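Comments concern the structure below.
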Amino acid sequence: MSDLYRELILDHYKNPRNHGELDPCDAHAQGQNPLCGDDIAISMNFSGDDVSEVRFTGRGCAISQAAASMLMELVEGRSVTELAELPKEELLDEIGVPLEKNPARLKCALLSLGVLKLALHRAKGTPLPEEWAGFEER
Amino acid sequence: MSDLYRELILDHYKNPRNHGELDPCDAHAQGQNPLCGDDIAISMNFSGDDVSEVRFTGRGCAISQAAASMLMELVEGRSVTELAELPKEELLDEIGVPLEKNPARLKCALLSLGVLKLALHRAKGTPLPEEWAGFEER
Amino acid sequence: MSSITSISALDVPRIKSDFPVFEERFDGRELAYLDSANSSQKPRQVLEGLTEFYEHSYANVHRAVYELGERATAGYEGAREKTRAFLGADSTREIIFTRNGTEALNLVAHAWGLNELGPGDVVVSTVLEHHSNFVPWQYVAERTGAEFAVIGADGNGELDLEQLDAIAGRGRVRLVAFGLISNSIGSVNPVEALIGWAREHGAVTVVDACQAAPHRTLDVASLGVDFLALTGHKMLAPSGIGVLWGRQALLNSMEPFNLGGEMIRSVTIEETTWNELPNKFEAGTPPIAQAYGLGLAIDYLTRVGLERIEAHEHDLTTYAMERLAGADGVSVLGPPAERRGGIVSFTLDSAHPHDVAQILDSHGVAVRAGHHCTQPAMDHFGISATTRASFYLYNTRTDVDRLVEALADVRATFA
Amino acid sequence: MSSITSISALDVPRIKSDFPVFEERFDGRELAYLDSANSSQKPRQVLEGLTEFYEHSYANVHRAVYELGERATAGYEGAREKTRAFLGADSTREIIFTRNGTEALNLVAHAWGLNELGPGDVVVSTVLEHHSNFVPWQYVAERTGAEFAVIGADGNGELDLEQLDAIAGRGRVRLVAFGLISNSIGSVNPVEALIGWAREHGAVTVVDACQAAPHRTLDVASLGVDFLALTGHKMLAPSGIGVLWGRQALLNSMEPFNLGGEMIRSVTIEETTWNELPNKFEAGTPPIAQAYGLGLAIDYLTRVGLERIEAHEHDLTTYAMERLAGADGVSVLGPPAERRGGIVSFTLDSAHPHDVAQILDSHGVAVRAGHHCTQPAMDHFGISATTRASFYLYNTRTDVDRLVEALADVRATFA
Ligand SMILES: Cc1ncc(COP(=O)(O)O)c(C=O)c1O
Ligand SMILES: Cc1ncc(COP(=O)(O)O)c(C=O)c1O
């Protein structure tokens with residue numbers, strides 16, 4: 001079996017954390033991976049500068065959905081400013097499987113983070129960093 | 001020195017036969033080789049079904065100009081019907097140097113014959129054979 | 001499939017030995033490469049010929065007046081002649097080398113479509129098409145004010161010809177574009193009916209043969225189409241080469257597409273005139289070595305025999321469909337093996353196609369997962385992606401067995 | 001040329017040994033290949049790397065979820081990164097792989113020009129341009145109703161910048177296209193002045209670097225241009241690959257050019273949206289191995305050092321101009337060696353350039369004869385063709401000597 005599908009990923013895929021939608025919400029964004037059609041939507045509420053609540057919905061492969069679920073656990077309770085700068089390495093460490101060799105799957109893994117960045121920068125009115133530029137246009 | 005430049009070719013190049021223009025004339029055509037800019041114009045008068053007079057003008061490489069000059073000698077006094085079917089091998093035999101390996105120079109060698117065909121078929125109102133189709137558009 | 005046939009079977013082990021990629025071991029095993037509909041592997045004969053060409057016959061073509069240039073031109077134009085013969089075309093003037101299949105189709109869309117179409121006209125594609133034979137038509141229709149009509153399909157992924165009348169009712173049918181074989185589900189389209197209908201309406205026909213040319217004998221004369229596109233990389237040739245065949249009269253009447261060196265007759269500041277066919281459509285230095293390589297690939301395919309290749313793939317497809325029919329949780333899309341090429345697309349109940357493909361990869365089984373550049377077809381089936389296995393001359397029943405076994409592991413993982 | 005320099009000389013014999021074509025004998029002699037401005041020969045490092053890539057890393061890119069596809073994608077995208085670094089561009093998103101230099105220029109003409117230009121606008125090219133950087137602009141001007149203006153040159157083939165004011169008087173200058181080095185006479189254009197002028201008028205600048213990229217260090221940031229085109233086959237890479245670099249903001253604002261697979265984000269029957277950069281401009285299966293080969297060629301050039309290559313070619317050019325100045329009946333076109341690339345174009349009093357090249361060929365000297373796809377430049381000089389010798393890293397002074405000796409034979413033949 002592939003290294004990519006360790007227990008934790010399958011668990012998050014089968015039992016996604018924070019699944020759902022916040023409506024109304026303080027920030028929202030959606031994004032797809034045009035290569036494979038994976039789709040993630042994230043909604044958040046803020047309390048002061050902190051993210052008080054976060055939810056996601058989506059469809060797609062186990063990697064993209066599990067990564068989104070893991071991201072939820074990283075996000076809740078942290079400050080918007082901090083999250084706007086959240087390095088992708090933090091999420092990749094959490095996922096914990098080697099993706100460098102596999103740019104296609106890396107895109108799946110980072111889809112939710114891109115959508116999160118877009119939601120945060122939109123809410124703050126700040127420009128999306130170049131690294132995430134692909135998400136802007138979606 | 002290259003095989004292509006045997007004595008006869010240089011002689012025709014330096015002393016072209018039937019050089020000039022017939023005006024008025026019974027048939028006329030002009031053509032270029034877009035690859036190298038070689039240019040040939042041929043004018044003819046008919047007497048009955050025969051070509052009574054033929055002249056050419058042109059500029060370009062020794063091969064194209066010598067071939068045109070040699071063609072003049074092949075043409076005069078022969079019938080339009082016969083010339084409209086003149087196989088290119090007859091001119092190539094006259095030139096007498098190997099050109100098969102060299103499609104670029106082959107085009108130079110056959111430029112005058114293409115122009116002749118165009119002039120004859122135009123005068124006769126018959127369609128130019130597919131083999132010479134490139135000349136039609138010029 | 002067990003009918004008696006005079007076509008002798010392929011010697012697959014011998015063929016396989018021509019493809020260096022099968023010497024490598026993936027997790028200790030030979031690669032089960034089941035993604036040839038995406039792009040094929042290349043035989044030694046093509047790769048060695050290519051290197052030799054670069055080493056001893058390479059220069060720019062057409063314009064060189066020296067030995068190397070003559071060799072290069074002979075190689076390049078020789079490939080045009082091989083392609084002409086391969087397609088049963090009348091003249092090498094009708095063979096235009098492009099970058100890939102997509103560019104061949106875009107050439108027609110830009111050079112014919114943008115200039116010929118207008119309001120009241122109908123441009124027809126099908127719901128099964130590859131994006132490269134769909135988006136260009138959608139785009140030129142929008143740019144010119146023409147209608148864009150799409151022939152739908154039934155649950156098997158077979159075109160619904162009953163829709164043709166309604167489409168004809170929408171205006172003057174000017175162009176009908178369709179593929180011979182669907183790349184995503186493998187169905188073979190009803191060519192004769194479509195061409196008959198298009199002709200009835202005086203429409204120009206564009207056939208996407210990207211999935212057919214590598215696997216079956218084609219003959220443009222008997223097909224009766226106006227344009228045909230194919231791509232080299234799916235038929236053992238290098239990447240970077242495609243072909244547009246078109247009827248000479250049509251090509252002659254068209255404006256050029258890309259502009260620049262080689263495609264002109266004369267250029268002045270005031271005016272430019274175009275070169276004759278095929279140069280008019282080959283602007284700039286062409287993919288010289290890639291065309292030469294396509295010629296070598298055609299030699300290889302012809303030597304092996306396209307009929308034998310087709311029969312071999314049909315056997316594998318039939319076998320794969322039988323085995324997948326018996327595999328838990330697998331649903332195969334598309335028509336029965338009799339009416340498809342060597343392509344089997346399926347979904348698995350418990351896992352997303354990307355995850356399926358990923359786990360298959362860890363078993364040394366290479367398949368493609370995704371929408372296969374056919375999103376309208378995916379929408380038609382109400383899904384976003386499939387896993388697809390596709391066969392070529394180097395595949396065997398063992399590859400199919402490995403696919404089926406690996407699928408069992410996917411199901412166990414996602415159970 | 002005899003100035004003291006810190007640039008060490010090229011080890012030409014060693015370089016030559018990397019190019020298999022020089023092992024062959026032409027009429028008993030090594031080939032004096034003086035046609036690299038037309039297309040260059042390829043080193044072993046590129047050819048072997050290419051074969052290895054096909055043998056062990058070939059699959060379609062981007063969409064494959066298996067080991068081979070990952071290798072192929074890494075190879076293809078790695079080449080994009082090498083190209084980015086080679087050009088000093090900000091981002092790999094700005095690097096678009098095309099079929100050749102001509103297509104790179106056409107991409108801008110079609111996707112920017114046809115959509116942005118209109119009556120009252122002026123599109124500027126120069127009389128020295130290659131047809132591929134001339135005809136597309138002439139064509140888009142005609143299609144859009146814009147004015148087409150051509151910067152003239154003086155008797156040396158150097159651009160006449162005094163004409164710029166008059167050109168600006170003809171309307172709103174929207175686009176200025178010019179080459180860095182003329183391919184037919186070798187003159188180096190006044191880049192800074194042209195770009196300064198274009199910017200003053202708010203015009204977009206398009207630089208044809210096809211003749212510069214193989215021979216000199218380029219840096220798009222310091223050049224200050226908007227688009228730059230180059231072609232792989234002139235710089236040791238395979239045929240079938242070109243590059244368009246463009247500013248990201250401009251590329252983002254543009255419509256796509258070719259349409260189809262890979263360049264879309266989503267396709268429905270109603271509507272299609274485009275993918276992000278660079279995919280938006282790379283429709284269909286790209287020239288995968290050719291891009292990889294371009295990356296290998298860039299590695300090779302970088303290892304040898306472009307500054308050393310430029311110095312070496314400058315030495316050969318200076319030497320050739322000295323020797324040709326002393327040869328009977330030879331007239332060299334263009335500026336002095338200080339203001340030219342490694343290109344020497346000339347006419348001979350008694351013989352047509354094609355005849356010259358043909359006889360040189362029989363001496364194992366390969367040059368090009370013709371208008372070099374620059375008919376307006378030929379018209380400017382009042383001629384229809386030249387004989388052109390061009391130099392690259394594998395050439396030597398001996399090649400120049402052989403050229404000059406063979407020219408004497410031409411004169412004798414036509415005396
Ligand atoms: C049916 C079909 N049409 C067109 C194409 C486009 O070919 P290419 O990617 O070579 O441009 C493909 C392959 O991707 C295909 O399968
Ligand atoms: C200056 C210049 N521009 C453009 C081109 C066109 O490049 P390609 O033939 O690769 O399309 C060439 C070469 O032919 C050239 O020399």
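From a predicted model like this one, the values you see are computed outputs, not experimental measurements. Lettering of chains follows the sequences in order, A, B, ..., and the numbering in each one begins at 1. All values below come from the heavy atoms of this structure, side chains included, with hydrogens, waters and symmetry mates left out.
Environment of CD in E131(A): crowded, with over 12 heavy atoms of neighbouring residues, nucleotides or ligands closer than 6.0 Å.
For the atom pair CZ of R6(A) and OG1 of T413(C), the computed distance is 15.0 Å after rounding to the nearest 0.5 Å. Annotation: the span from H354(C) atom NE2 to D38(A) atom CG amounts to 6.5 Å, rounded to 0.5 Å. Within the model, atoms NE2 of H352(C) and SG of C108(A) stand 8.0 Å from one another, a figure rounded to the nearest 0.5 Å.
Here D27(C) pairs with nothing under the side-chain contact (heavy atoms from CB on, under 4.5 Å) rule; sequence neighbours left out. Applying the side-chain contact (heavy atoms from CB on, under 4.5 Å) test to H131(C) and every residue at least two apart in sequence or in another chain returns V135(C), H371(C), C373(C), Q375(C), P376(C), I264(D), V267(D).
Proximity to chain A is limited to the backbone of A415(C), based on heavy atoms less than 4.5 angstrom apart.
S350(C) and Y13(A) get closest at one heavy-atom pair: O-OH, 4.4 Å.
Proximity to chain C among residues 63-98 of chain A is limited to I63(A), judged by heavy-atom separations below 4.5 angstrom. Residues of residues 48-61 of chain A placed with any heavy atom under 4.5 Å of a heavy atom in chain C are listed by number as R59(A), G60(A), C61(A).
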